[in-house]
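Below is one structure, written out as structure tokens; comments come after it.
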Amino acid sequence: MPCVSNVLFAQCTRCSWGSGPARCPDACNLLGKGPVPCKACGEPRLIEDQAEQFFKSGHTNNWAVLVCTSRFWFNYRHVANTLSVYRSVKRLGIPDSHIVLMLADDMACNPRNPKPATVFSHKNMELNVYGDDVEVDYRSYEVTVENFLRVLTGRIPPSTPRSKRLLSDDRSNILIYMTGHGGNGFLKFQDSEEITNVELADAFEQMWQKRRYNELLFIIDTCQGASMYERFYSPNIIALASSQVGEDSLSHQPDLGIGVHLMDRYTFYMLEFLEEVHPASQTNMNDLFQVCPKSLCVSTPGHRTDLFQRDPQNVLITDFFGSVRKVEITTETISLDRNLAGFESELPKDVLATEPLKYADQLPVAQIIHQKPKPKDWHPPGGFILGLWALIIMVFFKTYGIKHMKHIF
Amino acid sequence: AVSVSVVFLPGSVPADLPRRLPYGDVREERVPVSCKSPAVCTARPPRGAWEALRAVPYGDTFLPRLSRVAPGSSVCWQSCLCSQPSLLPLPQGVNVYVGKHRSALVRAGQGLAILHARLQQLLQVVSLTASSIAAALSDRVPDGQLGPDAWRHLKSSLGYEITFSLLNPDPKSHDVDWDIEGAVNHYVQPVLDKLSLVANFSVDSQILYYAVLGVTPRFDKESSSFILSAHSLPHVINPVEARLGSSAASLYPVLNFLLYVPERSHSPLYIQDKDGAPVATNAFHSPRWGGIMIYNVEVPASPQTSLPLHVDVDMLRVMEVFLAQLRLLFGISREELPPEFLVESPGNEGLADWELDRLLWAHALENIATVSTTLTSLAQLLDQISNIVIKDDVASEVYRAVAAAQDAVAELAEGHLHSAFQASKEAVTSSERAFFDPSLLHLLYFPDDQKFAIYIPLFLPMAVPILLSLAKMLREARQNKKEPTKMD
């Protein structure tokens with residue numbers, strides 16, 4: 001009996017009618033309560049809490065922080081990695097206002113890009129992950145360790161716009177994806193600085209102290225990525241890495257037309273896996289752990305779940321990658337009186353500002369740019385430098401003797 | 001602490017009433033929370049103030065005739081008792097009628113024991129219970145003890161933004177007109193005025209065209225209408241949310257209320273709940289996000305009416321649902337009532353005085369708990385990084401937060417709810433400002449081992465010849481002491 005709805009149908013646990021990941025409203029609504037019979041097989045439905053599985057995860061909104069840390073054209077694959085995760089996350093429902101995307105360099109409009117305004121992920125798929133509606137929040141030189149930690153901990157200067165903030169609360173599930181070049185215990189940012197695993201663990205602890213997340217999924221695709229999650233000590237974190245300590249994460253394949261490697265292996269297979277996931281699917285974390293076995297990835301992906309309270313079997317992929325909202329039917333209304341015209345408010349209305357508007361004092365730019373630089377007061381050297389030079393001079397004179405000075409002067 | 005005064009109607013004083021009250025006990029409940037912050041809820045049952053009222057005409061005006069409590073003073077409850085059923089206008093089977101201005105009518109003719117029990121039930125309903133305290137402190141209570149609705153309510157915040165959106169996916173067929181300004185002034189503003197003690201509210205509205213729901217509804221032949229089933233509702237919100245345009249200007253939480261007018265080809269559209277029954281309100285809400293209501297346009301009688309049809313939205317029906325959803329999102333709605341209770345409808349104000357009190361109480365409690373955890377974790381951060389520099393303004397914010405939090409606790413103990421809430425709001429603002437100060441980034445303070453790691457490779461090679469020469473000098477000096485140099 002075909003399902004007449006266009007929602008994928010599920011399997012009744014009694015009569016095995018149907019197949020597929022989601023629930024069919026017609027035949028076997030597994031969201032049952034009470035002994036109402038299944039319409040397909042007539043068996044009484046299970047009084048299951050399966051509906052309340054939605055509530056088990058305890059989160060009401062989703063955020064994603066996607067970071068690509070390397071610049072220069074030959075690191076095209078890191079930008080492509082980040083953009084493909086961005087694409088999956090948007091496709092599964094997280095809106096741009098809840099995604100903080102940090103790209104350290106611009107590949108799509110790079111002068112060396114033979115196909116401008118595109119970033120491809122697979123030479124045969126020709127999937128342009130750059131698309132039409134990419135919203136990059138931190139770009140180019142704004143991607144620094146300091147900014148990244150400020151985003152995570154929330155210690156942001158007040159002038160930062162809303163799109164650059166992580167406004168999560170204690171019921172947010174956050175996905176953090178980082179990619180770039182890394183080593184044992186550090187990740188390189190912009191070829192000039194690095195973030196260590198201790199700093200990252202401390203940042204997560206600061207987030208936990210302020211309850212800025214409910215659960216955190218941390219995915220890192222760099223060489224020796226597992227070292228980055230070794231130091232975590234805050235609860236409710238799952239961590240995934242593309243390679244163990246001492247191993248390198250390898251890239252997937254070069255595109256001879258563009259001239260660089262397009263993606264890293266781990267993220268490539270993860271993207272393939274995520275393309276199968278849709279907002280209603282029931283795939284869980286254990287499936288994500290199996291992505292990219294050693295035969296495909298050459299490195300050994302690792303994961304860490306000891307800090308996580310739920311069993312990864314029960315954690316849906318869409319808990320982190322998508323944004324499936326909990327909804328409740330509104331069953332009650334209040335009754336309003338239509339004829340109660342002109343309700344008099346008891347509180348006094350704010351008095352509007354009556355003073356006339358005028359320009360604020362402007363910064364005297366002309367004076368500032370034409371100012372001569374102030375002569376800085378000279379201070380004699382002090383402290384360490386003074387002591388060091390005194391030591392050097394004393395040794396010099398003791399070794400060579402004062403009488404030799406006349407040869408110099 | 002809340003004081004409750006009980007007023008007897010004439011002719012209803014039970015015969016066995018002693019001169020002095022037999023009970024003045026304080027009911028304490030200890031809510032099990034994590035060891036960091038125990039919470040104690042105290043509610044004093046009625047004591048003192050047994051007065052007799054002159055006979056007052058009953059009816060709907062009965063309760064408002066009782067003296068109203070001015071806001072700002074300590075919260076005081078009044079309940080009226082009557083033993084003769086004929087005097088009270090309560091319908092059969094209802095023994096307690098809770099009014100909207102902190103007063104209640106209690107029928108208890110059978111003696112003091114029944115009276116005591118009913119009053120306890122009443123207090124249970126109108127004041128905080130263990131579960132609502134646990135909900136307010138939800139991030140400190142171990143997960144197993146929270147009910148499912150513990151985290152559905154909005155967190156306490158200084159302000160909220162409310163956005164009303166009209167979604168019209170089919171402007172060719174429906175020309176929808178809604179008088180949102182009038183509706184906001186008429187229906188929403190009174191509720192927000194009453195809630196203005198709690199937070200600042202700002203309201204805006206927008207109309208979105210060609211915005212479709214994410215789910216295709218099914219056609220149901222029996223009712224010849226389109227159905228959206230309950231489990232497809234979670235997927236409705238996401239595609240729409242991207243188009244809503246969350247406000248870029250403010251950092252307050254946003255509540256979205258959407259009114260969806262279905263396309264002509266998908267009309268009428270009903271929402272089905274889990275059991276397959278159509279939902280009366282045709283609306284659903286999502287915790288901490290907002291609500292969506294589907295407004296069906298009647299198909300015109302004559303098929304020749306020209307498109308687009310002009311639709312005037314009945315704002316009363318819409319606002320009834322939206323305001324009910326607002327109450328649910330804030331957690332104002334009551335939990336299960338005991339069967340003999342009847343609560344007066346709050347009318348256009350949206351919420352009763354005692355519901356507002358409960359909300360203020362819960363928010364004040366939440367604020368105080370937040371302040372204590374924030375300041376504790378700030379202190380821990382300072383312990384970890386010993387050479388962190390605390391600016392003067394951060395220090396003064398911390399002092400202010402501590403003082404305000406202590407004020408708030410003292411005021412709560414005395415029952416001055418409004419001043420306690422203001423103090424707790426101040427405490428939260430100061431503590432958040434201190435904790436999230438941009439200068440406290442731990443990256444800016446290097447641990448000592450990093451300093452060694454940087455300076456040693458620079459100075460060690462340079463220091464090697466210096467130290468060797470120093471050693472040579474010392475050796476020479478010692479040699480000179482042993483044998484004096486020959487003086488020529």
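Here is how names work: the chains are called A, B, and so on, in the same order as the sequence lines, proteins then strands, and each is numbered from 1. All values reported here derive from a predicted model rather than from experimental measurement.
- Heavy atoms of Ile156(A) lying under 4.5 Å from chain B belong exclusively to its backbone.
- Residues Asp133(A) and Arg243(B) are not paired through a salt bridge, judged by the lack of any N-O separation under 4.0 Å between the basic side chain and the carboxylate.
- When heavy atoms are compared at a cutoff of 4.5 Å, Phe148(A) does not approach chain B at all.
- At most 12 non-hydrogen atoms from other residues, nucleotides or ligands lie less than 6.0 angstrom from NZ of Lys398(A).
- Here the side chain of Ser377(B) pairs no donor or acceptor atom with the backbone of Gln209(A) at under 3.5 angstrom.
- By the 4.5 Å heavy-atom criterion applied to side chains, Leu233(B) and Ile329(A) are counted as neighbours.
- In this structure the side chain of Ile392(A) reaches within 4.5 angstrom of the side chain of Ile466(B), judged on heavy atoms.
- Looking at Asp169(A), only its side chain comes within 4.5 Å of chain B, counting heavy atoms on both sides.
- Phe459(B) touches chain A through its side chain: at least one heavy atom from C-beta onward sits under 4.5 Å away, while N, CA, C and O do not.
- Annotation: side chain of Lys155(B) is not in contact with side chain of Arg171(A) (no heavy-atom distance under 4.5 Å).
- At least one side-chain heavy atom of Leu391(A) sits less than 4.5 Å from a side-chain heavy atom of Leu470(B).
- In this structure, no portion of Ile195(A) lies under 4.5 Å from any heavy atom of chain B.
- Heavy atoms only, all atoms of each residue included: Thr60(A) and Pro287(B) are closest at CB-O, 4.2 Å.
- Contact of the Lys210(A) side chain with the Thr373(B) side chain is not registered, since no non-hydrogen atoms from C-beta on lie closer than 4.5 Å.
- A donor-acceptor contact shorter than 3.5 Å links the side chain of Ser286(B) to the backbone of Lys326(A).
- Contacts between Met319(B) and chain A at a heavy-atom distance below 4.5 Å involve backbone atoms as well as side-chain atoms.
- Per-residue heavy-atom pair counts under 4.5 Å with chain A were compared for Trp289(B), Phe219(B), Phe322(B), and the maximum is reached by Trp289(B).
- When every heavy atom of Thr330(A) is checked against every heavy atom of Val279(B), the shortest pair comes out as O-CG1, 3.9 Å.
- In terms of non-hydrogen atom pairs under 4.5 Å with chain A, the most contact-rich of Ile227(B), Thr374(B), Val321(B) is Thr374(B).
- Figure legend: Arg155(A) and Phe435(B) shown as a cation-pi pair, the cationic atom lying under 6.0 angstrom from the six-membered ring centre and within 45 degrees of its axis.
- In terms of heavy-atom pairs under 4.5 Å with chain B, the best-connected choice from Pro95(A), Ser323(A), Pro279(A) is Ser323(A).
- Listed by chain and residue number, nothing satisfies the salt bridge (Lys or Arg N to Asp or Glu O under 4.0 Å) test with Arg165(A) (two or more places apart in sequence, or in another chain).
- Ala280(B) does not touch chain A: none of its heavy atoms, backbone or side chain, sits under 4.5 Å away.
- Under the 4.5 Å side-chain criterion, counting only non-hydrogen atoms from C-beta, His285(B) is not in contact with Val327(A).
- Using a 4.5 Å cut-off between heavy atoms, Ser163(A) makes no contact with chain B at all.
- Note that the OG1 atom of Thr370(B) and the CG atom of Asp170(A) stand 9.0 Å from one another [nearest 0.5 Å].
- Among residues two or more places apart in sequence or in another chain, the salt bridge (Lys or Arg N to Asp or Glu O under 4.0 Å) test is passed with Glu135(A) by none.
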